[in-house]
Amino acid sequence: MGVFFVIFYFMIKAEIKDKELLTHIDSLEEDKLRIFTMANGRVRGALFHGTRFVNQLRAQNNLGILETYILGQASLCAALTIPMMKDMEHNSIKLECNGPAEGFNVEADSSGYVRGYLFNEHIPVTQALENWNLKPFLGPGNFTFSRIHKDDKYPQSSSVDVEGENIAKDFAYYFAQSEQINTAFNSSIQFDKQGRVTGAGAMYIQIMPKTGGTARLGSQVDSHQHEDDDEELLRKVENAFRACPSIGLLYSEKQVDSEDIILGLFREFNPVITLKRDVTFDCPCNEDYYLKYLRTLPADQIADIKKNGPDPLEIICRNCGSVYHIPVSKI
């Protein structure tokens, strides 16, 4: 079935104190990202169960329902870019938009962590939400996707303009426009009547272009027939993908199995699950990182801190919400 990845970082993990929520989470299938191929390798995809992931994200940033929904959707979709990475790679996805949410920045790393934040963590809501259309809060904006590999000096970035109505659709639009790959994203977060996150997950599929040419078949090849075959495959796969019920709702229900979801939706295309791995909302920040930064401050600023405080210094990691209290004597 593949290899399990175990990830260790130093983020200060916020405690989830809601006992009823914890009991519910404990009854669910474990959070995992499952990578699969189908249609003889022409289609690849991944399904991510992220109920614990989104609850941890919410606890780290102390978010309300709408804020959790936006950052959760962005982070779930960012997690789906991990299977697309080659070797050691790091992705940064930023949306800068006109709405009151202002946008977000999320990062995903090939080692298996995702981190991120909203530009505005207190989005004003003037009336009851009738649906999850995010256009009133995000709206039109610029979506920038940056990749950096292990030996790169600078990231490779490209941007597209998006509507800011649906985050999963914005991710799909980026891949279609910037990378010319037919890609579909589906992300979902289920809340109960008390506003708890009871289920969360996301899925993507990509139709891979044919490679290698057809010269060896000579005049026997009908290129129009191949184009028709590709269009038919694309249509059938897209229909199966659209038939998926709410992923968040599925995961909120006990005894739901991710492999059954994949096999059930795509049975016609003979899906094969090739790998499953951990993906966590986590961050490589730690106290030493911030100590090194503080020690680079000008001498007069360090002297002022030692004289006038505050002591300890409180530093909050923007990427994960970890709060560090650093005694001045350590600087």
Side-chain angles (χ1 to χ4, degrees), residues 5-16 31-33 46 48-64 66-85 88-97 101-123 138 143-150 152 155-157 167-168 170-171 174 185 187 189 197 200-202 204 277-293 314-324:
F5 292 77
V6 181
I7 305 154
F8 297 99
Y9 285 104
F10 303 96
M11 176 185 82
I12 298 176
K13 191 173 181 180
E15 182 182 1
I16 299 173
D31 279 22
K32 290 288 180 183
L33 186 144
F48 177 39
H49 176 206
T51 304
R52 295 166 184 81
F53 173 92
V54 172
N55 274 289
Q56 193 62 52
L57 168 158
R58 185 181 196 178
Q60 292 296 136
N61 292 280
N62 192 27
L63 299 177
L66 177 60
E67 292 82 1
T68 299
Y69 186 78
I70 293 175
L71 186 59
Q73 294 270 0
S75 299
L76 287 167
C77 289
L80 292 177
T81 70
I82 292 176
M84 307 177 196
M85 296 180 182
M88 298 181 68
E89 186 175 314
H90 189 88
N91 291 343
S92 176
I93 302 111
K94 179 170 64 175
L95 174 66
E96 298 173 293
C97 57
E102 300 177 14
F104 55 76
N105 188 87
V106 291
E107 300 176 31
D109 192 86
S110 58
S111 62
Y113 76 81
V114 176
R115 63 180 187 174
Y117 59 92
L118 295 173
F119 295 151
N120 181 5
E121 293 187 346
H122 304 285
I123 304 168
L138 294 175
F143 185 97
T144 302
F145 197 109
S146 302
R147 303 177 187 268
I148 186 163
H149 298 89
K150 179 184 177 183
D152 290 348
Q156 302 171 10
S157 300
I167 292 170
D170 289 345
F171 269 77
Y174 164 80
F185 282 80
S187 58
I189 299 174
V197 175
Y204 91 93
R277 63 174 298 178
D278 294 321
V279 174
T280 61
F281 188 83
D282 214 327
C283 183
C285 68
N286 55 51
E287 184 178 289
D288 286 344
Y289 171 84
Y290 289 109
L291 269 174
K292 289 177 182 177
Y293 166 75
E314 181 177 278
I315 298 178
I316 301 174
C317 176
R318 191 177 190 187
N319 287 299
C320 71
S322 293
V323 181
Y324 293 92

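Hydrogens, waters and symmetry mates are skipped; everything else that's a heavy atom, side chains included, is used.
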Roughly how far, to the nearest 0.5 Å, is [atom2] of [Y] from [atom1] of [X]?
X	Y	atom1	atom2	value
Leu63	Leu57	CG	CG	6.5 Å
Ile93	Tyr174	CD1	OH	9.0 Å
Leu138	Ile70	CG	CD1	4.5 Å
Ile148	Asn91	CD1	CG	10.5 Å
Leu118	Leu95	CG	CG	10.5 Å
Phe119	Asn105	CZ	CG	5.5 Å

| message | For the residue pair Ser146 / Ser92, report whether a side-chain donor-acceptor contact shorter than 3.5 Å exists. | response |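 The criterion, which ignores hydrogens and geometry beyond distance, is not satisfied for Ser146 and Ser92.
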
| field | Phe143 ring center within less than 6.0 Å of Phe171 ring center | value |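 Yes, close enough.
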
| task | Determine whether the aromatic ring centres of Phe48 and Tyr204 lie less than 6.0 Å apart. | result |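 Ring centroids of Phe48 and Tyr204 are no less than 6.0 Å from each other.
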
Contact summary for [X] and [Y], nearest pair of heavy atoms:
X	Y	value
Asn61	Gly321	OD1-N, 4.2 Å
Asp109	Ser111	OD2-OG, 2.6 Å
Gly50	Leu76	CA-CD2, 4.2 Å
Asp282	Arg115	O-CB, 3.3 Å
Val279	Ala79	CG1-CB, 3.9 Å
His122	Asn120	N-OD1, 3.0 Å

Under 3.5 Å, is there a donor-acceptor pair between the side chain of [X] and the main chain of [Y]?
X	Y	answer
Glu67	Ile123	yes
Ser110	Glu89	yes
Asn55	Thr51	yes
Asp152	Pro155	no
Thr81	Ala78	yes

| query | Which residues pass the side-chain hydrogen bond (donor to acceptor under 3.5 Å, both in side chains) test with Glu287, sequence neighbours left out? | reply |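 Glu287: side-chain hydrogen bond (donor to acceptor under 3.5 Å, both in side chains) contacts with Lys330.
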
| query | Of all residues at least two apart in sequence or in a different chain, which pass the salt bridge (Lys or Arg N to Asp or Glu O under 4.0 Å) check with Arg52? | reply |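 Once residues adjacent in sequence are excluded, the partners of Arg52 under the salt bridge (Lys or Arg N to Asp or Glu O under 4.0 Å) criterion are Asp31.
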
| Identified side-chain contact (heavy atoms from CB on, under 4.5 Å) counterpart of Gln73 within the set Val106, Ile167, Thr68 |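 Output: one option passes, namely Ile167.
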
| message | According to side chain to side chain contact (heavy atoms under 4.5 Å, CB included), who are the partners of Cys320, at least two apart in sequence or on a separate chain? | response |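 With sequence neighbours excluded, Cys320 shows a side chain to side chain contact (heavy atoms under 4.5 Å, CB included) to Met11, Phe281, Cys283, Cys285, Cys317, Ser322, given in chain and number order.
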
Any side-chain heavy atom of [X] sitting closer than 4.5 Å to one from [Y]?
X	Y	answer
Lys32	Asp278	yes
Val54	Ile189	yes
Phe104	Glu96	no

| request: Determine, stepwise, if the pair Glu314 / Val323 fulfils side-chain contact (heavy atoms from CB on, under 4.5 Å). | output: CA-CA 7 Å; Glu314 181 177 278; Val323 181; 3.7 Å; yes

